[in-house]
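The structure appears right after this line, and notes come after that.
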Amino acid sequence: MATQTLLITGGAGFIGSHVVRLFVKKYPDYQIVNLDKLTYAGNLENLTDVEDAPNYTFVRGDITDAAFLTELFGQYQFTGVIHLAAESHVDRSITHPLEFVMTNVVGTVNLLNAAKAAWAGQMEGKRFYHVSTDEVYGSLHNPEDFFLETTSYDPQSPYSASKASSDHFVRAYHNTYKLPMVISNCSNNYGPNQFPEKLLPLMIRNIINNKPLPVYGKGENVRDWLYVVDHARAIDIVYHKGQNGDTYNIGGFNEWRNIDIVHLLCKVMDEKLVRLPGESAQLITYVTDRAGHDLRYAIDANKIMHELGWEPSLQFEEGMNLTIDWYLANKDWLDGVTSGSYLSYYEQQYGQQA
Ligand code: NAD
Ligand code: DAU
């Protein structure tokens, strides 16, 4: 008999797959149900090492489908939810904002409703964990400023507006219906299994293929980078130790200007690909800036470090090496996710229908 039945949404995506792996391996007494729609960003190949584990089940489904969620919560007596499913790419939110409203806002409210109904009268021991982003705080312009848990929300893109809205709904359900919940807001993740639309895997793929490296604007925007496994470790700690109703910022105090991180990638990859020093950097191409491009994100992670005892396990250089080595060793994965062949993998495993 499982001690917990845990629903993880978006578990076939980048961060979700690392969270599923950690929980399936670390908690053999938990039953882990991974619910994912398998959009372009979801890929079950990310989870081949745990797919046969006795405490793991995959369910294909859409969080925008309220009736499906009611049925799922009826089928499993979930004791907790870790909610990662989302549309996650800022550039796509600029061209398709409504998709972000549907999944990130409506999908989250559907999940909240399903949990509230299933847990009515028995909230004790339950937990709804909403995984969010530092982008809800907006853009920093003063170099001395950091995002704190108390920083006012000021989302600037359709993506961050949809995430901010979902955060507000989670807090509103806690206040109004006493739904037990916790939220974390994390900085930019990097590592294996990230879809190559995001900066680092896109640049790695283009360096491998000798294609232009599109740097938006002047490359002066700053992001705060955290290795994805360290984010998954933080999620484990917040899920188990976070205070009910509280928020935790997660980040590695590791800020980089985009142009500097791209130059670093080029340098390391020249060595790994046995190219002449400076060869890959010649691929750098400055392109039109992202509309409304946030200048700087920087997380103050002192609260989670001091209250919950989390800290990043990897130095950045070590994480970058692991990441680059993973993509070099998994060129088939890179080609597969962009060609769409992973969908055939899904269809082979589970058939066409959800
Ligand atoms: P991702 O795009 O790699 O994965 C998202 C997953 O959600 C995919 O597997 C996709 O199939 C699934 N999904 C999308 N729509 C769905 C729907 N309607 N129903 C069910 N499943 C659906 O995203 P990611 O980068 O792993 O981010 C995961 C979460 O973490 C998101 O909520 C994101 O906002 C948050 N986050 C991401 C970062 C980052 O740097 N990537 C940083 C902080 C927070
Ligand atoms: O801060 C957390 C957020 O980090 C998450 O909530 C998002 O889900 C995640 O996508 C990420 O958002 P960013 O917009 O910061 O990530 P992205 O990889 O798209 O871009 C990182 C920076 O690099 C950003 O300043 C834009 C720039 N960029 C991006 C791409 C894809 C380029 O210069 N060229 C590119 O081709």
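Ligands are counted one by one from 1 in listed order, and the atoms in each one are counted from 1 as well.
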**Prompt:** Would the number of heavy atoms belonging to other residues, nucleotides or ligands and lying under 6.0 Å from CZ of Phe169 be above 12?
**Reply:** no
**Prompt:** Where does Lys163 meet ligand 2, judged by heavy-atom distances below 4.0 Å: at the side chain, the backbone, both, or neither?
**Reply:** neither
**Asked** Would a line drawn from the ring center of Phe78 to the ring center of Phe73 be shorter than 6.0 Å?
**Response** yes
**Message:** By the definition side-chain contact (heavy atoms from CB on, under 4.5 Å), identify the one residue from Cys186, Ser187, Ser132 that meets it with Ile250.
**Reply:** Cys186
**Asked** Of all the atoms in ligand 2, which lie at a distance below 4.0 Å from a heavy atom belonging to Val215?
**Response** 33 (O)
**Asked** Taking only heavy atoms of His89, which atoms of ligand 2 are found under 4.0 Å from at least one of them?
**Response** 19 (O)
**Asked** Between His293 and Tyr216, what is the ring plane arrangement, given parallel below 30°, perpendicular above 60°, and tilted in between?
**Response** perpendicular
**Prompt:** ligand 2 versus Val90, non-hydrogen atoms closer than 4.0 Å: side chain, backbone, both, neither?
**Reply:** side chain
**Request:** Could you tell me whether Asn188 approaches ligand 2 through its side chain, its backbone, both or neither, with non-hydrogen atoms closer than 4.0 Å?
**Result:** both
**Within the 6.0 Å centroid threshold, strictly below: Phe128 and Trp119** = no
**Item:** Ring geometry between His18 and Phe14 (parallel below 30°, tilted from 30 to 60°, perpendicular above 60°)
**Value:** perpendicular
**Asked** Under a 4.0 Å heavy-atom limit, does Leu202 contact ligand 2 with its side chain, its backbone, both, or neither?
**Response** side chain
**Asked** What protein heavy atom sits nearest atom 23 (O) of ligand 2, and how far away is it?
**Response** Asn258 ND2, 3.3 Å
**Request:** Select the closest option to atom 13 (P) of ligand 2 among Glu135, Lys218, Lys198, judged by heavy-atom distance.
**Result:** Glu135
**Message:** To check your reading of the model: name the closest protein heavy atom to atom 34 (N) of ligand 2, its residue, and the distance in Å.
**Reply:** Pro214 O, 2.8 Å
**Message:** Show the atoms of ligand 2 that are less than 4.0 angstrom away from any heavy atom in Tyr297.
**Reply:** 1 (O), 15 (O)
**Asked** For the rings on Tyr129 and Tyr248, is their centre-to-centre separation under 6.0 Å?
**Response** no
**Message:** Is it the case that the ring center of Tyr153 lies less than 6.0 angstrom away from the ring center of His168?
**Reply:** yes
N/O to N/O under 3.5 Å, ligand 1 against protein:
| from | atom 1 | to | atom 2 | distance (Å) |
| --- | --- | --- | --- | --- |
| ligand 1 | 2 (O) | Ser88 | OG | 2.7 |
| ligand 1 | 3 (O) | Phe14 | N | 3.1 |
| ligand 1 | 9 (O) | Gly13 | N | 3.0 |
| ligand 1 | 9 (O) | Asp36 | OD1 | 3.2 |
| ligand 1 | 9 (O) | Asp36 | OD2 | 2.6 |
| ligand 1 | 11 (O) | Asp36 | OD1 | 2.5 |
| ligand 1 | 11 (O) | Leu38 | N | 3.4 |
| ligand 1 | 11 (O) | Thr39 | N | 3.0 |
| ligand 1 | 11 (O) | Thr39 | OG1 | 3.1 |
| ligand 1 | 18 (N) | Asp62 | OD1 | 2.9 |
| ligand 1 | 19 (N) | Ile63 | N | 3.0 |
| ligand 1 | 21 (N) | Lys37 | N | 3.1 |
| ligand 1 | 23 (O) | Ser88 | OG | 3.3 |
| ligand 1 | 26 (O) | Phe14 | N | 3.4 |
| ligand 1 | 26 (O) | Ile15 | N | 2.8 |
| ligand 1 | 32 (O) | Leu84 | O | 3.0 |
| ligand 1 | 32 (O) | Lys163 | NZ | 2.6 |
| ligand 1 | 34 (O) | Tyr159 | OH | 2.6 |
| ligand 1 | 34 (O) | Lys163 | NZ | 3.1 |
| ligand 1 | 40 (O) | Asn189 | N | 2.9 |

**Residues Arg233 and Asp230 bridged, charged N to O under 4.0 Å** = yes
**Item:** Pairwise side-chain contact, Phe146 with Arg296, heavy-atom cut-off 4.5 Å (strictly under)
**Value:** yes
**Request:** Identify the protein heavy atom lying closest to atom 1 (O) of ligand 2, giving its residue, its atom name and the separation to 0.1 Å.
**Result:** Asp134 OD1, 2.5 Å
**Message:** Considering non-hydrogen atoms of the protein only, which is the closest contact for atom 24 (C) of ligand 2, and what is the distance?
**Reply:** His293 NE2, 3.4 Å
**Prompt:** Within the structure, does Ser88 bring an N/O atom to less than 3.5 angstrom of an N/O atom in ligand 2?
**Reply:** yes
**Message:** If you measure every N or O of Arg290 against every N or O of ligand 2, does any of those distances drop under 3.5 Å?
**Reply:** yes
**Request:** Using distance alone, decide if ligand 2 has a nitrogen or oxygen within less than 3.5 Å of any nitrogen or oxygen in Thr133.
**Result:** yes
**Message:** For the 3.5 Å polar cut-off, considering only N or O atoms, please tell me whether Leu199 and ligand 2 meet it.
**Reply:** yes
**Message:** Would you compute the distance between atom OG1 of Thr103 and atom CD of Glu87 and round it to the nearest 0.5 angstrom?
**Reply:** 5.0 Å
**Item:** Charged N-O contact under 4.0 Å between Asp49 and Lys25
**Value:** yes
**Asn206 versus Pro212, closest heavy-atom pair with distance** = ND2-O, 2.9 Å
**Asked** Can you find an N or O of Arg223 that's nearer than 3.5 Å to an N or O of ligand 2?
**Response** yes
**Message:** Geometry only, no angles: is Tyr159 polar-contacting ligand 2 at N/O separations under 3.5 Å?
**Reply:** yes
**Fill in**
Looking only at protein heavy atoms, what sits closest to atom 29 (C) of ligand 2 is Tyr216 CE1, 3.5 Å
**Complete:** Looking only at non-hydrogen atoms, the one of Glu197, Gln194, Arg296 nearest atom 31 (C) of ligand 2 is Glu197
**Request:** Give a yes or no answer on whether the side chain of Thr9 reaches the backbone of Leu84 with a donor-acceptor pair at less than 3.5 Å.
**Result:** yes
**Request:** Verify whether the ring centers belonging to His130 and Tyr173 lie closer than 6.0 Å.
**Result:** no
**Prompt:** Taking the inter-plane angle between the rings of Phe23 and Tyr239 on a 0 to 90° scale, is it parallel (under 30°), tilted (30 to 60°) or perpendicular (over 60°)?
**Reply:** perpendicular
